[in-house]
Amino acid sequence: FALLTDMQSWTGPEMLRAGVPQVSLLTLESLMSDGYEGLTPSRLANSWDTDLIQRVARKTVTDADALLPGAKLMLTPAAKPALHVYRAGLSEDPHLSGTLAAAFADGAHKAGSGRCPDGFYLTDSDVEQLDTEPDMTAIGELVLKPYMIAVQGRDCESILTDLSPLKGRYRNVNADLAATKNATEICDGAVRLCRPRTDAETLAAILDGKVVIKGGSSALESAYEKYRYIVKAIEDEIVTVEDLDEAMADGSAISDEMLNRAVARVLDFAHALSVIPKQEAEDTELTALRKTALTASAVLLKNDKELLPIKPKHRVAIIGRPAASSELVEAACTKAGLKVIGRMDGYDPTAATGGVDTEGVCALAKKADRVLVFLGCSAEESLRAVQNREMTIPAVQAELLHALGEYRSKTVTVLDCAHAVDMSFATDTAALLLMSVGGEDGAEALADLLTGKACPSGKLASTLYENPSEHF
């Protein structure tokens, strides 16, 4: 029962003794530990660079081999676009989203991982902002088309589906989506994976030929017990074979033969994943790849009067709390030839508001030719912000930038944030650079961009709004 209802059990010692190949279900985010800061799918999406994305995905899976022996199945980022501003996604554009999802899948596959593109369904969170009746033509454009881009011509080993009913007027949209001709073509030949919400859904998924990632086993066990009970009752002439057939037809009883078919399906899938060949690994250091990726994903949102690049003669003040630490940023800027005259946090990060050292930051800014200000959120803060629909940067950071308003014409702001934020603060800065600055190589990539050694070649994959509450 564990084999049929929980993929995590496939890596257990009991399964190994039974001859089941080890298979780990992974996401890129779960593999990106130290050294991978800033390389998450949502950040890399701003590069629009499918070759670079493939290289990062391939490197991530290759580096995981030492920690996770056996076969791997990569649940790659959702091909469907972010359907509204409060939903995370690779892009708001269906074609770009599907193309980038395909690149993540291809990179993982080159490292010997099976591919399972996510996003072949809608969730309540996807549709809760929609105020129109379901339009299957539009849904096909937004969900099916990008997913077809992600899987066509790739023979993906599996797809992730979800037929769970949604709330309200979109209740049956996933079932309607799965019944379309294009959806049938997508599913043809691929193992269908699912995450049932209830034990009953787990049993129904198994009977429908799906492989369950994580579900409940009680309904499956009950159905098997009912089958054994009815078989015994037939022997005792209490019921008839017709009663057994009826119970199996309505899914309330599952036979040994049906269980064996389900187990065989799982074993075939696990063995197929275990023999995916690996292409020769790219001989690239993570540090070099990360610097390339951070630069390619950096987006120059504003550059009034060509404030950037900064010239070596300019005196630079560093204000704020960069993810790489002020010390690393200062060292990288100094190494790049810039003259750093001072650095300070400038605000109390524990204060909701009113924690800005206005006198101190203005005194430092007055001495500088360029004021480098760091704003942003950690990955954990970004996740909470998306969940709580908070799109503003921390209020104390906005106050910091506003306090430097007298020196706006020489202020360069670096925004390091993994989620879409309210860009109303942008009027308080002359130049604005969106990028990740974590770690030593992140600081060095920033210094290269500030001095013009590298070009911020990223492009927004999704729109950033001023005052989004007025639009949504």
Side-chain angles (χ1 to χ4, degrees), residues 1-21 23 25 73 116 120-121 157-166 171-181 183-274:
F1 293 119
L3 182 67
L4 294 177
T5 59
D6 186 359
M7 280 190 67
Q8 290 183 345
S9 70
W10 297 11
T11 59
E14 303 87 357
M15 299 300 176
L16 283 176
R17 287 194 292 269
V20 180
V23 177
L25 180 68
L73 178 63
C116 183
F120 185 43
Y121 52 88
E157 290 74 19
S158 59
I159 61 172
L160 184 63
T161 65
D162 188 347
L163 298 182
S164 301
L166 304 184
R171 177 176 178 81
N172 298 317
V173 70
N174 281 330
D176 294 341
L177 190 65
T180 62
K181 180 181 177 182
T184 304
E185 292 176 359
I186 288 173
C187 296
D188 186 33
V191 173
R192 295 172 297 159
L193 270 62
C194 65
R195 293 193 190 99
R197 302 180 189 180
T198 65
D199 290 3
E201 287 184 3
T202 301
L203 174 60
I206 292 170
L207 291 173
D208 190 38
K210 296 185 179 72
V211 171
V212 174
I213 292 176
K214 180 69 174 178
S217 62
S218 65
L220 180 63
E221 293 173 3
S222 297
Y224 183 56
E225 288 299 322
K226 182 172 182 177
Y227 170 80
R228 296 176 63 186
Y229 170 80
I230 296 177
V231 169
K232 180 66 168 60
I234 291 173
E235 294 174 354
D236 294 339
E237 298 183 350
I238 300 174
V239 297
T240 66
V241 174
E242 286 74 16
D243 295 313
L244 178 60
D245 292 340
E246 183 179 336
M248 291 171 60
D250 64 22
S252 62
I254 184 168
S255 68
D256 291 286
E257 182 183 358
M258 297 163 74
L259 277 176
N260 288 337
R261 284 202 302 267
V263 169
R265 185 164 55 244
V266 167
L267 293 178
D268 288 344
F269 182 46
H271 281 286
L273 294 174
S274 68

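Everything numeric in this text was worked out from a predicted model, so none of it was measured. We number each residue from 1, following the sequence as shown.
For the atom pair D199 CG and S218 OG, the distance stands at 3.0 Å (nearest 0.5 Å). Rounded to the nearest 0.5 angstrom, E235 CD and E237 CD are separated by 10.5 Å. Rounded to the nearest 0.5 Å, atoms CD1 (I213) and SG (C194) are 7.5 Å apart. Considering CG of L203 and OG of S217, their distance stands at 11.0 Å, rounded to 0.5 Å. Here L193 contributes atom CG and S158 contributes atom OG; the two are 5.0 Å apart, rounded to the nearest 0.5 Å. Residue N260 holds its CG atom at 8.0 Å from OG of S255, rounded to the nearest 0.5 Å.
S252 and K226 share a donor-acceptor pair across their side chains, judged by distance under 3.5 Å alone. Side-chain N/O atoms of E242 and T240 include a donor and acceptor closer than 3.5 Å.
Within the 4.5 Å cutoff, the side chain of L166 has heavy atoms near those of the N174 side chain. In this structure, F269 and V23 have side chains that are not in contact, with every pair of non-hydrogen atoms separated by 4.5 Å or more. Within the 4.5 Å cutoff, the side chain of K210 has heavy atoms near those of the T161 side chain. Contact check for D6 versus F1: no side-chain heavy atoms found under the 4.5 Å cut-off. Within the 4.5 Å cutoff, the side chain of D256 has heavy atoms near those of the Y227 side chain. In this structure, V266 and M7 have side chains that are not in contact, with every pair of non-hydrogen atoms separated by 4.5 Å or more. Side-chain contact between R228 and K232: absent, with no pair of heavy atoms (C-beta onward) separated by less than 4.5 Å. Side-chain contact between I254 and M248: absent, with no pair of heavy atoms (C-beta onward) separated by less than 4.5 Å.
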*Going through the checks in order, is the side chain to side chain contact (heavy atoms under 4.5 Å, CB included) test met by I234 and L244?*
CA-CA 8 Å; I234 291 173; L244 178 60; 3.9 Å; yes
*Between L273 and E157, is a side chain to side chain contact (heavy atoms under 4.5 Å, CB included) present by the stated rule, with each step listed?*
CA-CA 8 Å; L273 294 174; E157 290 74 19; 4.1 Å; yes
*Before giving the answer on side chain to side chain contact (heavy atoms under 4.5 Å, CB included), spell out for S164 and E201 the whole-Å C-alpha distance, their side-chain angles and the decisive distance to 0.1 Å.*
CA-CA 8 Å; S164 301; E201 287 184 3; 3.6 Å; yes
_Assess the residue pair L25 and K214 against the criterion (side chain to side chain contact (heavy atoms under 4.5 Å, CB included)); give the C-alpha distance rounded to whole Å, side-chain angles, the decisive distance to 0.1 Å, and a yes or no._
CA-CA 11 Å; L25 180 68; K214 180 69 174 178; over 6 Å; no
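Judged by distance alone, the side chain of S274 and the main-chain N or O of H271 form a donor-acceptor pair under 3.5 Å. Looking at D236, its side chain never comes within 3.5 Å of a backbone N or O of I238 through a donor-acceptor pair. A donor-acceptor pair under 3.5 Å links the side-chain atoms of W10 to the main chain of L3, judged by distance alone. At least one donor-acceptor pair closer than 3.5 Å links the side chain of R192 to the backbone N or O of D208.
Counting heavy atoms of neighbouring residues, nucleotides and ligands inside a 6.0 Å radius, atom CD of E225 exceeds 12 of them.
Remark: of the listed residues V212, T202, I206, L207, I206 is the sole one forming a side chain to side chain contact (heavy atoms under 4.5 Å, CB included) with L220.
Residues T184 and A178 come closest through the heavy atom pair OG1-O, 4.2 Å.
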